[in-house]
Amino acid sequence: MPELPPQYNPKDVEEARYQWWESQGLFRAEPDPSRKPYTIVIPPPNVTGILHMGHALNNTIQDILIRFKRMQGFNALWVPGTDHAGIATQNVVEKALAKEGKRRQDLGRDAFIKRVWEWKEQYGNTILYQLKRLGSSCDWRRTRFTMDEGLSEAVTEVFVRLHEKGLIYRGNYIINWCPRCQTALADEEAPREETQGKLYYIRYPLEVPGSEFRVPSSPKTRNPKPETRNYVEVATTRPETMLGDTAIAVHPKDKRYKGLIGKHAILPLVNRKLPIIADEAVDPKFGTGAVKVTPAHDPVDFQLGKKHALEFLNVMTDDGRMTNVPKPYEGLDRFDCRSKLIVDLEQQGFLGPIDEHLHNVGHCYRCHTAIEPRLSLQWFVKMQPLAQPAIKAVKDGTITFVPSRWTKVYLNWMENIQDWCISRQIWWGHRLPVYYCQACAGQAGVRSSEFGVRSKTTPTNYELRTMNKWGVIVSKTAPTKCPACGGTDLRQDEDVLDTWFSSWLWPFSTLGWPKKTKDLEYFYPTSTLVTAQEIIFFWVARMIMAGYVCMKQPPFAKVYIHGTVRDLTGKKMSKSLGNIIDPLEIIDQYGTDALRYTLVTATAIGQDVFLSEERFAVGRNFANKLWNATRFVLSTVASGEWRVASAHSSLITHHSSLTVPDRWILSRLQRTIIRVTTSLDHFLFNDAANALYDFLWHDVCDWYLEIAKIQLNQTSDVRHQTSGVLVHVLETSLRLLHPIMPFVTEELWQHVRSVSGFEFQVSGSTGTRNSKLGTRNSIMVAEWPKASKRMVDDEAEALMERLQAVVTAIRNTRAELNVPLGSRPLVRLSSAKPSVRTFFETHRALLQALAQTGEVSVDATRRREKHAAAMVVDGIEILMPLAGLIDLKKEEARLQQKIEELNRYISQTGVRLRDSQFVTKAPKDVVEDTKARLAQAEETHRKLSDLLALVQSM
RNA sequence: GGGCGCAUAGCUCAGCCGGUUAGAGCGCGUGCCUCACAUGCACGAGGUCAGAGGUUCAAGUCCUCUUGCGCCCACCA
């Protein structure tokens, strides 16, 4: 092995190490009944995805778990893959097409799909390569894609099964429609955003039987007296929907409108008669207490429409233009129509006041366009029956959320679950396995014919049987003729399925389902799901439901929900906000291990992660520190001079012959092993990382390495033992740190191994494992450290604490009195306790070296000696005669000068603070700040005075 | 309108079952290129643990309320 350079350069290590791991087959897992499986399926990133910090955090956590479990001897499998991400991917390809001046319709469906596949082949694996740079130890041979043949088969299978169970239906419902993407969206895909809008008051004249309606007499008066009122005023945020109004509703108990119920109003500009109905759903306190009812364009109105058998009038096209409306508005964009309507209403005296109105409007989660609630014929999954076992599983603890607070969120959603709209009017995705027989009936036929049609009939769910009668065929394979009439003119439904309809099957579809595979049998149910809170509903809940439907078993036992990555101002990191920190740039600059370490320390269990770029330097520095500690340790174990083989066991058997610092660091190591193991068991990743940082940096490097330098100059027995302890502590620590910082630990471990001649244990080293892996030479498969109770040593820890306290006290005095580095002050320790005296007598050399002192004397009682710095630590008196070591006159003068400066400052500031002008006129924080500074100055003054007295007494 | 989370050092955050003197990193001050590391070493300054009440021998930690910030869900047009 070549010598290690004085600085760790991740670039020299990472790529080569990763390739080596992969070439050694270390990421692979195969069913093996002799071992327990530990399985994670990756939350499949979108094929369009590029790695962001959220991915980095998510995958770092998964990799830590996988590496940890693998070292513990589990047969650890991490299944990777990507999601076809219907709308997102289609958008990307459409954008590329747009650059060529084409639309997808110009290509036609088949050519367009071909184009998407080409795009996928070219760019779709980008994110997977990026995951490799994170060090992810996935079994890449098993990479899956939600549009793979096998996974598509799973999708069809589950659609048909659910259909057979009567859980899939087609129906007219109000859905979220994105006029830009021109597709239906599930509720979760249309998050609401607070939007500043306007509330328009519009006056609908009352119908007077037998005569023309009257124009309102006092349109500009806000509250005309009831007796003069000849119209009903309604409020709306979307005036354009008035063209689809088919009623006006009021609360049945609302006295203001009592007389109007059952009468009619006239729709302004259109002159359609609207019945005035009464319904509890109307809130008398909002607006005017009267509401226009547009059953085809609003979810509440839709319910009213069904209940009161109103007309359903669709007045918008797929791309958000007006249709089936009077001429001046026909074909207008919905927002242009809104403007025109306002002008026209105003001119004709129908417009009341306009208020500013803050409300929540749904937006397309892909393109951010305001969604349009719209009546539409779509496919749905009945969710309530599916939810039952999924609710039970979480309630009875079969599946647990970490942190547990998400349980409530999950249950709350599941218990109020709505049916899932699964059809999407896009081209990229799994086409519905639904075929229509043209001969049987046209009713259930082509979607576009549904729109803009005035229908007197209340929409109903097309029940399964009815659908079949109408020639709707649901089939895994394309039928050649209609089972009902034998007709051969069959057309497959144009729609594709929601992206999540394939990803909800991910935990078992990736393992081979619907085929009964060995993988499925062995690795399912998976162990842990690691994901973000945003997709609890989209994905986690649905996977649980799918698990029970398809496998009769939960998909996983534990769900770890990590936080959201935010910037320092608390904003979510997103491209549009421009506050992204690119993980790949961080890797280039600081290294993968630094990225992983910092991400993990930043995330307390399930808490959001606030990041700034500087934090990654901490991780880099830690890797470098470890690198240099290893360089030092290896330099002490000169190759060939001696072998510290089987040091593990010899350290235990010879424990009593070790020095106190040896016993101390070994004891600290045991505690670290315990803490890291339990922390990882409980998803306390930051705790594990911090424990290792503290131990390695502060215990090992700051103290033990310095002590080792002294011990290595002592007898050959001590030298031998010290080397053994150093190698043991380092090698064990590397293994503990490996899941978090895989690259640097592997690199160093290889060096430690080759130089020291250690034969390290490999986990599950009972033969089968080794022959399967064909290797036993990677830290990846080294055994996870086990704590030895015999090495936990309270006595040594207490003694070392005392030694450290004394050393620190001496260093403190040296620093405060500016004792030059070369000066070696005498130290007189005194303690009444014989055991303490014995300890310091035997560790004199350590004290001298660590605190840079001269002679150390240990007495039972304090010596009478002048000119001494004195302090008491832990019952031990420490005297340091400093005469001759520092220039007393110079020091005295320096102190006196500083004290005078402080005197001036204190008196001036004191006067200033007593000045009422200052106190009343200066800003409050300035006054507070001045007070604080004064207090600080006084404190320093006291200290310097004490020092001066000390110096003067010498 | 429901639900959840967070308020601890100048900044970003730890602090698990309530238990001695509340920690870390960054930043700041002082002194050091000491033969593993200046991506470093030593020492130091800096905290009424948001506010109020309660439980307890004991509260940063548990309970209640208040204030401020953030997030999720929800059909007030």
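In what follows, chains carry the letters A, B, and so on, assigned in the order in which the sequence lines appear, proteins first and then strands, with residues in each chain numbered from 1. Treat the numbers as computed from the prediction; the structure is a model and nothing was measured.
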- Task: Using the test ring pair (Phe, Tyr, Trp, His ring centres under 6.0 Å), find all partners of His698(A) that sit at least two apart in sequence or belong to another chain.
- Result: none
- May I ask you to test the Arg238(A)-Asp298(A) pair for a side-chain heavy-atom distance under 4.5 Å? yes
- Positions of residues 693-705 of chain A (non-hydrogen atom under 4.0 Å from RNA chain B), listed by number: Tyr693(A), Trp697(A), His698(A), Cys701(A), Asp702(A), Leu705(A)
- Around atom CD of Glu706(A), are there more than 12 heavy atoms of other residues, nucleotides or ligands at under 6.0 Å? yes
- Query: By side chain to side chain contact (heavy atoms under 4.5 Å, CB included), which residues pair with Val700(A), not counting sequence neighbours?
  - Reply: Ile665(A), Phe695(A), Leu696(A), Leu705(A), Val729(A)
- Reference residue Arg675(A); test side-chain hydrogen bond (donor to acceptor under 3.5 Å, both in side chains); the match among Asn690(A), Asp687(A), Asp694(A): Asp687(A)
- Query: Who pairs with Ala617(A) by side chain to side chain contact (heavy atoms under 4.5 Å, CB included), at least two apart in sequence or on another chain?
  - Reply: Tyr590(A), Arg620(A)
- Task: Go through the structure and list residues passing side chain to side chain contact (heavy atoms under 4.5 Å, CB included) with Ala689(A), not counting sequence neighbours.
- Result: Tyr597(A), Val600(A), Thr601(A), Ile740(A)
- Query: For RNA chain B, which residues in residues 412-420 of chain A have a heavy atom at a distance below 4.0 Å?
  - Reply: none
- Residues Thr237(A) and His357(A): closest non-hydrogen pair is CG2-CD2, 3.5 Å
- Partner residues of Tyr200(A) under the ring pair (Phe, Tyr, Trp, His ring centres under 6.0 Å) criterion, sequence neighbours left out: none
- Task: Fill in the dot-bracket string of RNA chain B, one character per base: . for unpaired, | for a pair to another strand, ( ) or [ ] for pairs within the strand, taking Watson-Crick or G-U pairs under 3.5 Å.
- Result: (((((((..((((.....[...)))).(((((.......))))).....(((((..]....))))))))))))....
N/O-N/O pairs, protein side and nucleotides 60-64 of chain B side, under 3.5 Å:
none

- Task: Decide yes or no for Phe616(A) and Gln589(A): does some side-chain heavy atom of the first lie under 4.5 Å from some side-chain heavy atom of the second?
- Result: no
Are there any protein N/O atoms within less than 3.5 Å of an N/O atom in nucleotides 75-77 of chain B, and if so, which ones and at what distance?
residue : atom : partner   : partner atom : Å
C76(B)  : O2   : Asp283(A) : OD2          : 2.5
C76(B)  : N3   : Asp283(A) : OD2          : 3.2
A77(B)  : OP2  : His357(A) : NE2          : 3.4
A77(B)  : O2'  : Ala235(A) : O            : 3.2
A77(B)  : N6   : Asp283(A) : O            : 2.6
A77(B)  : N6   : Phe286(A) : O            : 3.1
A77(B)  : N1   : Asp283(A) : N            : 3.2

- Note on the structure: Contacts of Lys408(A) meeting side chain to side chain contact (heavy atoms under 4.5 Å, CB included) (sequence neighbours excluded), chain-then-number -> none
Side chains of residues 625-633 of chain A: which donor-acceptor pairs under 3.5 Å do they make with residues two or more places apart or in other chains?
residue   : atom : partner   : partner atom : Å
Trp627(A) : NE1  : Pro5(A)   : O            : 2.6
Asn628(A) : OD1  : Arg631(A) : NE           : 3.0
Asn628(A) : OD1  : Arg631(A) : NH2          : 3.3
Asn628(A) : ND2  : Pro6(A)   : O            : 3.2
Asn628(A) : ND2  : Asn624(A) : O            : 3.1
Thr630(A) : OG1  : Leu626(A) : O            : 2.8
Arg631(A) : NH1  : Leu4(A)   : O            : 3.4

